[in-house]
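Shown next, in structure tokens, is the structure this report addresses.
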Amino acid sequence: MGLVLLREVRVGLVLGVLMGALGFVLATLVYDMPTGVVIGLTIVCICAMAASVGGAMPLLAKAIKVDPAVFSTPFITTFCDATGLIIYFSIAKAVLGI
């Protein structure tokens, strides 16, 4: 399980860095540098978190003998959406000082 989770986090970080860099550049061009930093960091963190949760949930479901297709999709979506908001607002508060 640890190896799968490590691989998922790595893939999520690579995807997050690529998308976060694009988000940073676009938000900086349209708004300003601090807003670009917030958008870029948020994308990196959310992609890494979503990949790790998405990789761990099916393994956890299999371990407790529940169908992974039924168990994981609603939980992953709800968890990632709610946690994504917390990540976004935490980064915005830290970077923008609000």
Side-chain angles (χ1 to χ4, degrees):
M1 181 168 168
L3 195 59
V4 172
L5 190 58
L6 183 63
R7 188 178 312 139
E8 290 295 327
V9 170
R10 189 177 61 212
V11 169
L13 281 173
V14 169
L15 178 65
V17 166
L18 292 173
M19 290 176 51
L22 181 63
F24 167 75
V25 169
L26 292 175
T28 301
L29 290 174
V30 174
Y31 299 104
D32 57 0
M33 178 73 87
T35 303
V37 170
V38 170
I39 298 298
L41 286 176
T42 300
I43 292 172
V44 171
C45 293
I46 289 175
C47 284
M49 181 265 309
S52 60
V53 170
M57 278 300 111
L59 297 172
L60 179 64
K62 186 177 178 183
I64 61 174
K65 296 180 178 28
V66 178
D67 182 17
V70 174
F71 175 73
S72 61
T73 304
F75 179 79
I76 291 171
T77 303
T78 304
F79 182 81
C80 289
D81 287 348
T83 308
L85 285 172
I86 293 168
I87 290 170
Y88 170 72
F89 286 122
S90 298
I91 291 172
K93 182 179 178 184
V95 171
L96 302 176
I98 49 177

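When the side chain to side chain contact (heavy atoms under 4.5 Å, CB included) test is applied to Thr28, the partners found at least two apart in sequence or on another chain are Phe24, Met33. With sequence neighbours left out, the side chain to side chain contact (heavy atoms under 4.5 Å, CB included) criterion links Arg10 to Arg7. For Phe79, the ring-ring contact (aromatic ring centres under 6.0 Å, His included) partners at least two apart in sequence or on another chain are Phe75.
In the hydrophobic clustering of this structure, Val25 groups with Val95; members are Ile, Leu, Val, Met, Phe, Trp, Tyr whose side-chain heavy atoms approach within less than 4.5 Å, directly or through other members. Ile87 and Leu85 end up in the same hydrophobic cluster when Ile, Leu, Val, Met, Phe, Trp and Tyr side chains are linked at under 4.5 Å.
Residue pairs meeting the side-chain hydrogen bond (donor to acceptor under 3.5 Å, both in side chains) criterion with at least one member in residues 78-96, sequence neighbours excluded, do not occur.
Nearest approach of Pro34 to Leu96, heavy atoms of both residues: CB-CD2, 3.5 Å.
Taking Ile, Leu, Val, Met, Phe, Trp and Tyr as hydrophobic and joining them when side-chain heavy atoms fall under 4.5 Å apart, one finds Val11 isolated, its cluster having no other members.
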Side-chain atoms of residues 35-64: list all donor-acceptor pairs with protein atoms under 3.5 Å, sequence neighbours left out, distances to 0.1 Å.
{"residue": "Thr35", "atom": "OG1", "partner": "Asp32", "partner atom": "OD1", "Å": "2.6"}
{"residue": "Thr42", "atom": "OG1", "partner": "Val38", "partner atom": "O", "Å": "2.6"}
{"residue": "Ser52", "atom": "OG", "partner": "Ala48", "partner atom": "O", "Å": "3.2"}
{"residue": "Ser52", "atom": "OG", "partner": "Met49", "partner atom": "O", "Å": "2.9"}

